[in-house]
Amino acid sequence: MKTYQLYINGQYVDPANGEWFDSIDPYQGKPWAKIPRGSAADADKAVKAADEAMWRGPWSKMTASARGKVMRKLGDLVAANAERLAEIEVRDNGKLMAEMLGQLRYHPEWWWYFGGLVDKLEGGLVPIDKADTFAYTTHEPVGVVAALTAWNSPLLFVAWKCAAALAAGCAVIVKPSEFTSASTLEFAALTKEAGIPDGIFNVVTGFGPEIGSELISHPGVAKITFTGSDTTGARVYETAARSLKRVSLELGGKSPNIVFEDADLSAAAAGAVSGIFAATGQTCIAGSRLLVQRSIKDKFVERLLELARSAKIGDPMKPDTNIGPITTPAQYKKVLDYIDIANAEGARCLLGGKPASGEGITGGQFVEPTIFADVDNTMRIAREEVFGPVLSIIAFDTEEDAIRIANDTIYGLAAGIWTRDLARAVRVPKQLRAGTVWVNTYRAISYMMPFGGMKHSGVGRESGIHAVREYLETKSVWISTAQDVPANPFVMR
C-alpha cells in the first residue's frame with residue numbers, strides 16, 4: 001500500500017500532525033493507499049510558500065512567453081502519463097477506465113490552450129478625456145488561489161481551475177476531495193518536472209473542516225475556486241465573504257434533457273443514456289430529468305429501456321464495463337434513499353431500483369441503472385440532486401410546457417434539446433436558464449468553451465478565454481504629461 005505525502009513548496013513532506021487515512025477502492029471495497037491528513041499548520045505553510053513564490057519568486061520575474069512554455073510542457077508530461085494517472089483515478093473513485101482515460105488524454109489541452117494564452121493577455125490604451133494625460137490598463141494576478149476539487153473528476157478539475165490560474169500568474173494550492181486525493185498528489189511531481197517554480201503549485205490533503213476551511217478563511221488566500229454541492233458551496237461563499245475573497249463556484253444540477261416529437265429518437269435515446277448512466281450518474285451535468293413529449297413518450301421509453309438494459313455492470317478497469325460502483329459509502333446510501341423516496345412519492349419504477357449484484361460485482365457499492373416514469377416535477381426525485389444512476393421521466397405536451405418545466409428548478413447548470421427543427425434549436429436555448437445548452441448531443445466539453453451555472457448551480461465560469469478573467473485584476477495607470485502646475489490643487493482634475 002502506497003503512503004503519500006503533501007506537496008508544498010516543490011517538496012513532498014509529511015503532514016505536521018504525522019497522521020494519514022485510508023483511501024478506499026470503491027470496486028474492491030478495500031484500502032489501497034494512505035493519504036496525509038493535513039491540518040491548519042500545513043495549510044498555513046502552503047499559503048506562505050505560495051505567496052512568497054508568486055510575488056517574490058521566479059514566477060513573477062518570468063516573461064509571459066516563458067511561463068507559457070512551462071505550462072505547455074506540463075501538458076506534454078500529462079499526455080505521456082495519461083494511462084498511469086487514469087488508473088490511479090479509477091482506483092480512487094471507481095469510475096470507468098474508459099471515462100477517466102478519455103479525460104486524462106484530453107486534460108493536456110487545457111495546459112496547451114492556456115499556455116498559449118499567457119502572452120496574449122494584453123492591457124489597453126485608453127483615449128482618455130483629460131488633456132495632457134496618458135492612460136492605460138494592465139491585467140495582474142489576483143493573488144494566491146485555493147482550488148477545492150470534487151471526487152468525481154479530480155484531475156480534470158485541476159486542469160479547469162489551475163491552468164487558467166497559472167496563466168494569470170497566480171500560485172495555487174489544491175485541496176482535493178479526501179476520497180480522491182492520490183492522482184492530484186501524483187500530478188504534482190509533473191509540475192516540478194515541467195519547470196514550474198517551487199511554491200507555485202501545492203497540494204494539501206485532508207478533511208474539509210480541518211484544512212479546507214483553513215484555506216478558505218486564510219488571509220493570505222485571495223481567491224477560492226470550488227466544485228461540489230450547492231449546500232457546501234453556499235458555506236464556502238459565506239466563509240470567503242467574511243474576508244472579501246473572490247469566489248468561483250461550480251455546483252450541482254438537476255439538468256433537463258428534452259426530447260421533442262421531431263427528434264431522431266435513436267440518437268436521443270443514446271443521449272439520454274449517456275446523460276444519466278455515464279459516470280454512473282456521478283456528474284454535475286447529469287441529465288437526470290428526461291422531459292419527453294407525450295405524443296412519442298411510449299415509443300421513446302421502449303427504446304430507452306432496451307438500450308439501458310444492455311448496460312454491463314462490473315469492474316471499472318475492464319473496457320466493456322458500462323456502469324461502475326458508487327464512489328463512497330455515504331453516496332451509495334444517498335442514492336438508495338432517493339430510490340425509496342421516489343417509490344414513496346408514487347413514481348413508477350420501470351428499471352432497476354435496487355442494489356446491483358451478480359458476477360464481477362464486488363465492494364458492495366453498485367446500484368442498478370434505474371428509470372422512473374410518472375414523475376411530476378414537484379416530486380423530490382425531480383427537484384433534488386441524486387448524483388447517481390437514477391433517471392426521472394417527465395411528460396410534456398407543448399414547447400412552452402417543456403421550457404416551463406425545465407426552468408422550474410433552483411439549478412441552472414446544463415440542459416439538452418433533441419429536435420430536427422432548426423428554428424426550435426435556436427429558439428429554445430434562449431429561453432432555458434442554464435449555463436450550457438446542448439442540442440442533439442450531451443456531455444460535450446471543451447477547453448475553449450466557458451462552463452458554469454446559473455442560479456444555485458454556481459458563480460463564475462471555467463474554461464475558455466472567460467476563465468482567465470476570474471484570476472485577474474485590472475489596474476488603471478494615469479501618467480500626467482502636463483508642464484504646468486494646477487491652478488487650484490484642491491479641485492479634482
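Given the structure is predicted, the values throughout are model-derived calculations rather than measurements. Values below: all heavy atoms of this structure, side chains included; hydrogens, waters and symmetry mates excluded.
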Between Asp262 and Arg420, does any side-chain N to carboxylate O distance fall below 4.0 Å? no
Tell me if the centroids of the rings in Tyr447 and Phe114 come within less than 6.0 Å of each other.
no
message = Run the ring-ring contact (aromatic ring centres under 6.0 Å, His included) test on His107 and Phe187 for me, step by step, so that the C-alpha distance in whole Å, both residues' side-chain angles and the decisive distance to 0.1 Å come before the verdict.
response = CA-CA 12 Å; His107 174 125; Phe187 171 85; 5.6 Å; yes
In terms of heavy-atom contacts, Ala135 and Leu125 come closest through O-CD1, 3.2 Å
- Distance-only polar pair, side chains of Lys254 and Thr409, donor-acceptor under 3.5 Å: no
Does Arg72 come within less than 4.0 Å of Asp76, counting only side-chain N to carboxylate O? no
- Query: Is a side-chain donor-acceptor pair under 3.5 Å present for Ser23 with Asp92?
  - Reply: yes
Quick one: are the ring centres of Phe300 and Phe260 less than 6.0 Å apart?
-> no
Salt bridge (charged side-chain N to carboxylate O under 4.0 Å, His left out) pairs touching residues 425-438, sequence neighbours excluded, are Glu399-Arg427
Report the C-alpha separation of Trp418 and Asn257 in whole Å, then their side-chain angles, then the decisive distance to 0.1 Å, and conclude whether the side-chain hydrogen bond (donor to acceptor under 3.5 Å, both in side chains) test is met. CA-CA 8 Å; Trp418 300 86; Asn257 207 353; 2.8 Å; yes
Hey, is Glu140 close enough to Lys475 for a salt bridge, meaning N to O under 4.0 Å?
yes
Handout entry: Trp160 and Phe157 aromatic ring geometry - parallel, tilted or perpendicular at 30°/60° bounds
Key = perpendicular
* Decide whether Ser229 and Thr232 meet the rule of one side-chain donor and one side-chain acceptor closer than 3.5 Å. => yes
Exercise. Determine whether Ile339 and Lys354 make a side-chain contact, defined as any pair of heavy atoms from C-beta on separated by less than 4.5 Å.
Key: no
